[in-house]
Amino acid sequence: QKEVEQNSGPLSVPEGAIASLNCTYSDRGSQSFFWYRQYSGKSPELIMSIYSNGDKEDGRFTAQLNKASQYVSLLIRDSQPSDSATYLCAVNKNTDKLIFGTGTRLQVFP
Amino acid sequence: DAGVIQSPRHEVTEMGQEVTLRCKPISGHDYLFWYRQTMMRGLELLIYFNNNVPIDDSGMPEDRFSAKMPNASFSTLKIQPSEPRDSAVYFCASSGTNMGSTDTQYFGPGTRLTVL
C-alpha cells in the first residue's frame, strides 16, 4: 500500500462545475496535509494546507480533512480552464519530510 | 526574493558522464530538499538538509548519487556515472521553520535531465 494514494485521472469537469479531488494516506500519525498544483512543465506550488479535522476554505478552494477515515480532499468551485493541472496531495508525518501522492490530473473543459 | 534558483534548466548528457545540478535556496530558509519526478514514480524525496547538514538521504537511489550543501545559499546534486534511468526532472525546494518544524516548501523550476 502506498503511503499517499490518489486517483491518477484524468478527472474531466465542465467549466463552472465543482471539481472534487481525493487523497488517502496510510499513516495515522500524519499531522499536516497539503495540496500542491503543478501545471505541465512547471514546478509544484502550494495552494492549500490543512492541519485539523473539518473544512478550510480559501477563495474557490476548500480542503477537507477526516483523520478518522485517513482522507483528505480538495474541492474547486466554479472550475475554470486555468485550473487544468495535476494536483498533488502531500502528507507530513510530524517529521521534516513530505510524502507526495502521484497526483490527479484535472481537465476543465469550456 | 527571486525564489529558489536551479541550474541548468535542461541537461542532456551521455551515459557514463558526470552530471552536477545546482540549487540556490530562498534566502533565510534553513531547509533544502532535493526531489526527483518521473511519470512512473511521481515526486520522490532524495535527500534533505537542515542548516547545511544532511538529515535524511534514505531516498538517494544509489552510491552514484551524492549531494552537498557547503553553505546556506548553495547546494549540489551530483550523479556519477549517469545512466539512462536517471532521466527525470530534478527539483530543489526550500523552506523555513515554523514551530520547530519545516514550513511550506517552495520549489525551484527544476532541471530536466536526459541521459542518452
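Computed from a predicted structure; not experimentally measured. Letters A, B, ... mirror the listed sequences (proteins, then strands); counts begin at 1.
B/Trp34 is not connected to B/Val4 by any chain of hydrophobic side-chain contacts under 4.5 Å among Ile, Leu, Val, Met, Phe, Trp and Tyr, and they are in different clusters. No continuous path of hydrophobic side-chain contacts links A/Leu88 to A/Tyr25 [ILVMFWY only; heavy atoms under 4.5 Å]. No continuous path of hydrophobic side-chain contacts links B/Ile47 to A/Phe100 [ILVMFWY only; heavy atoms under 4.5 Å]. In the hydrophobic clustering of ILVMFWY residues, with side-chain heavy atoms under 4.5 Å counting as a link, B/Val12 and B/Leu21 come out apart. Hydrophobic clustering, with ILVMFWY side chains joined whenever heavy atoms are under 4.5 angstrom apart, groups B/Met15 together with B/Tyr90.
Under the salt bridge (Lys or Arg N to Asp or Glu O under 4.0 Å) criterion, B/Arg85 pairs with B/Glu62, B/Glu83, not counting sequence neighbours.
Rounding to the nearest 0.5 angstrom, the gap separating the NZ atom in A/Lys42 from the CZ atom in B/Phe91 is 10.5 Å. Separation of atoms CD1 (B/Ile55) and NZ (A/Lys97) is listed at 11.5 Å; rounding is to 0.5 Å. Atom CG of B/Leu43 sits about 11.5 Å away from atom OG1 of A/Thr86, to the nearest 0.5 Å.
In terms of heavy atoms, A/Ser43 sits closest to B/Gly108 at CB-O, 2.9 Å. When all heavy atoms of B/Phe33 and A/Asp96 are compared, the closest pair comes out as CE2-O, 3.3 Å.
No more than 12 heavy atoms of other residues, nucleotides or ligands shown are found within 6.0 angstrom of CZ on B/Arg112. For B/Glu14, the CD atom sits in a loose shell: 12 or fewer heavy atoms of surrounding residues, nucleotides or ligands are nearer than 6.0 Å. Other residues, nucleotides and ligands place more than 12 heavy atoms under 6.0 Å from the CG atom of B/Asn71.
Contact of B/Glu44 with chain A is not made at all, since no heavy-atom distance falls under 4.5 Å. Within the 4.5 angstrom heavy-atom criterion, no atom of B/Asn50 approaches chain A. If you measure heavy-atom distances from B/Leu45 to chain A, the contacts under 4.5 Å come from the side chain alone. B/Thr38 does not touch chain A: none of its heavy atoms, backbone or side chain, sits under 4.5 Å away. Looking at A/Ile99, neither its backbone nor its side chain comes within 4.5 Å of chain B, counting heavy atoms on both sides. Residue A/Glu45 does not touch chain B at all, counting heavy-atom pairs closer than 4.5 Å.
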Q: Could you give me the CA-CA distance, side-chain angles and deciding distance for B/Met39 and A/Ser8, then say whether side chain to side chain contact (heavy atoms under 4.5 Å, CB included) is met?
A: CA-CA 11 Å; B/Met39 289 292 291; A/Ser8 62; over 6 Å; no
Q: For side chain to side chain contact (heavy atoms under 4.5 Å, CB included), just list the numbers for B/Gln105 and A/Leu46, CA-CA rounded to whole Å, side-chain angles, deciding distance to a tenth of an Å, and then say yes or no.
A: CA-CA 8 Å; B/Gln105 293 185 24; A/Leu46 181 70; over 6 Å; no
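In terms of heavy-atom pairs under 4.5 angstrom with chain A, the leader among B/Tyr35, B/Tyr106, B/Tyr48 is B/Tyr48.
No donor-acceptor distance shorter than 3.5 angstrom exists from the side chain of A/Thr102 to the backbone of B/Gly42, with no hydrogens or angles considered.
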